[in-house]
Every structure is written in structure tokens, then in C-alpha cells.
**Q** 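Questions regarding the structure given below will be posed in turn.
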Amino acid sequence: MPASVHISLNVSDLERSVDFYRRFLGEPAKRKSDYAKFVSASPEIHLALQPAPRVSLAGGSLSHLGIRVESVDEVLKWKTALGARGVTTEEEKTESCCYAVQTKFWIADPDGNRWEVYAVLEDVEVKAEAGMTCCQPRTEAVGQGGEERSLSVAACC
């Protein structure tokens, strides 16, 4: 599979969002009770939707962005190239998330928007264990005084 753009959105009403994107992009390529993924051919976009509590949508509905590549070797090439250009990358790892086993690493832009570069190794029927931050934003203490805000930080997808 050639490289493609991946977008993950937190949605307040999964059914309503699936209905909208079904009309916009066609039938979902993967559909679970708590997850949907649409894959369009032209342009090639992988759009993932997952429910999020309304409060977490206050900062926007973007969960994260991603670039899906063909293989683990490509993931490692991307990581090496970004490191050579001075981009800080997070740990490369293989994990099960969003109904797929993936090898990936993460970067963040100056505004905290997170990008994953990943390869899907296989689809699975079981979602990641409860308690993981898989595809869900997490709250972090930031800024002066340690005030908290919801960041678009996800562990997978």
C-alpha cells in the first residue's frame, strides 16, 4: 500500500458522524460499535472516528494526524530521516490499537498537534485493553501554575 494520509477525529455522536461520512466518503472500511474507519481512493485518506466525551471536544475534535506507510522498514526510515533533520521523535513501538497491530512512532508540532508514522501489520477483532489512552486525548498539566487542558494526544490509531 502506498503512503497515505491518516486523520483521526474525536466525535460526540459516532452514529451521526458515521452517517455523515458514509454519505461523504462511502461505506466504512472498518466498523465497530466504538470505532469507524473510512478509506477513500482519490484522494487516499484514512479517516478514523471514535467517540469522545463532550468535554474533551472543547479543544476541537482533532485527535491526531498520521502517515501510513507500507512497512516497518519505512517507519524506521521516516524516524531516522526526521531525527537527522532535528525532529524529536518518541519511542518506536509495536502495539495493538484501534483494531489493528501497528508499528509506529510519534512527533508533535509546536502547537501540540500529534502525528504518527505507522505501518499496519494486521487487523484484529479486539480493541486495546481498557485503561490505555488508545485514540483518546489525555489531559496534561501545562503552562504556568500547572493548569490543565485537554491535548490532542493519542497513543494510537
Side-chain angles (χ1 to χ4, degrees), residues 1-72 74-79 81-82 85 87-125 127-128 132-140 149-157:
M1 172 182 294
S4 58
V5 174
H6 165 73
I7 301 168
S8 180
L9 298 177
N10 296 318
V11 298
S12 60
D13 184 329
L14 183 61
E15 293 306 317
R16 199 171 105 204
S17 295
V18 166
D19 179 58
F20 173 83
Y21 284 103
R22 179 179 281 130
R23 289 182 279 132
F24 182 44
L25 300 172
E27 289 301 313
K30 186 182 291 188
R31 180 69 170 97
K32 304 292 182 182
S33 64
D34 58 352
Y35 181 79
K37 179 171 78 172
F38 293 85
V39 179
S40 66
S42 181
E44 186 163 347
I45 296 172
H46 293 247
L47 173 66
L49 308 174
Q50 60 271 335
R54 193 64 167 151
V55 69
S56 72
L57 296 178
S61 59
L62 179 65
S63 171
H64 65 275
L65 304 156
I67 298 175
R68 180 176 174 167
V69 297
E70 292 186 55
S71 68
V72 174
E74 287 295 313
V75 171
L76 298 175
K77 285 178 186 175
W78 272 81
K79 188 172 195 257
L82 289 170
R85 293 195 298 262
V87 176
T88 301
T89 63
E90 294 181 16
E91 170 188 3
E92 175 262 318
K93 58 186 170 181
T94 298
E95 62 186 353
S96 178
C97 185
C98 294
Y99 302 99
V101 176
Q102 307 167 0
T103 296
K104 66 176 72 199
F105 69 88
W106 293 88
I107 62 171
D109 75 10
D111 292 312
N113 294 306
R114 305 236 325 151
W115 283 85
E116 65 177 329
V117 176
Y118 70 102
V120 172
L121 306 178
E122 68 177 303
D123 285 324
V124 295
E125 292 301 317
K127 193 171 183 175
M132 291 186 65
T133 57
C134 178
C135 303
Q136 298 299 319
R138 77 176 177 242
T139 302
E140 292 187 345
R149 67 180 176 138
S150 180
L151 299 175
S152 294
V153 177
C156 69
C157 258

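Quick caveat: nothing in here was measured; it's all calculated off a predicted structure.
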**Q** With Lys32 as the cation and Tyr99 as the aromatic partner, state whether NZ or CZ is under 6.0 Å from the six-membered ring centre and within 45° of the axis.
**A** yes
**Q** Hey, what do you get for OG (Ser8) to NE2 (His46), rounding to the nearest 0.5 Å?
**A** 13.0 Å
**Q** If you take all heavy atoms of Ala119 and Val75, which pair is closest and at what distance?
**A** N-CG2, 3.6 Å
**Q** What distance do Asn10 atom CG and Leu62 atom CG have between them, rounded to the nearest 0.5 Å?
**A** 8.0 Å
**Q** State, to 0.1 Å, how close Ala100 and Asp123 come at their nearest heavy-atom pair, and which atoms those are.
**A** CB-OD1, 3.9 Å
**Q** Quick one: does Cys98's side chain get under 4.5 Å of Tyr35's, heavy atoms only?
**A** yes
**Q** Assess the residue pair Trp106 and Glu116 against the criterion (side-chain contact (heavy atoms from CB on, under 4.5 Å)); give the C-alpha distance rounded to whole Å, side-chain angles, the decisive distance to 0.1 Å, and a yes or no.
**A** CA-CA 4 Å; Trp106 293 88; Glu116 65 177 329; 3.6 Å; yes
**Q** Hey, does Phe38 have a side-chain heavy atom less than 4.5 Å from the side chain of Val18?
**A** yes
**Q** Between His6 and His64, what is the ring plane arrangement, given parallel below 30°, perpendicular above 60°, and tilted in between?
**A** tilted
**Q** Name all residues meeting the salt bridge (charged side-chain N to carboxylate O under 4.0 Å, His left out) criterion together with Arg23; count only those two or more places apart in sequence or in a different chain, and write none if there are none.
**A** Asp19
**Q** For Glu91, check salt bridge (charged side-chain N to carboxylate O under 4.0 Å, His left out) against everything at least two apart and list the hits.
**A** none
**Q** Search all heavy atoms of Trp115 against all heavy atoms of Gly66 and return the closest pair with its distance.
**A** CE3-N, 3.7 Å
**Q** What's the verdict on side-chain contact (heavy atoms from CB on, under 4.5 Å) for Thr103 and Leu76, showing C-alpha distance, side-chain angles and the deciding distance?
**A** CA-CA 9 Å; Thr103 296; Leu76 298 175; 5.9 Å; no
**Q** Side chains of Arg22 and Glu27: closer than 4.5 Å at any heavy-atom pair?
**A** yes
**Q** Between Arg31 and Leu49, is any pair of side-chain heavy atoms under 4.5 Å apart?
**A** no
**Q** With heavy-atom distances below 4.5 Å as the criterion, would you say the side chains of Ile107 and Val117 are in contact?
**A** no
**Q** Heavy atoms, side chains only, cut-off 4.5 Å: are Gln50 and Val11 in contact?
**A** no
**Q** Test salt bridge (charged side-chain N to carboxylate O under 4.0 Å, His left out) on Glu92 and Lys104 and set out the steps.
**A** CA-CA 5 Å; Glu92 175 262 318; Lys104 66 176 72 199; over 6 Å; no
**Q** Just how far is it from atom CD of Gln102 to atom NZ of Lys93, taken to the nearest 0.5 Å?
**A** 11.0 Å
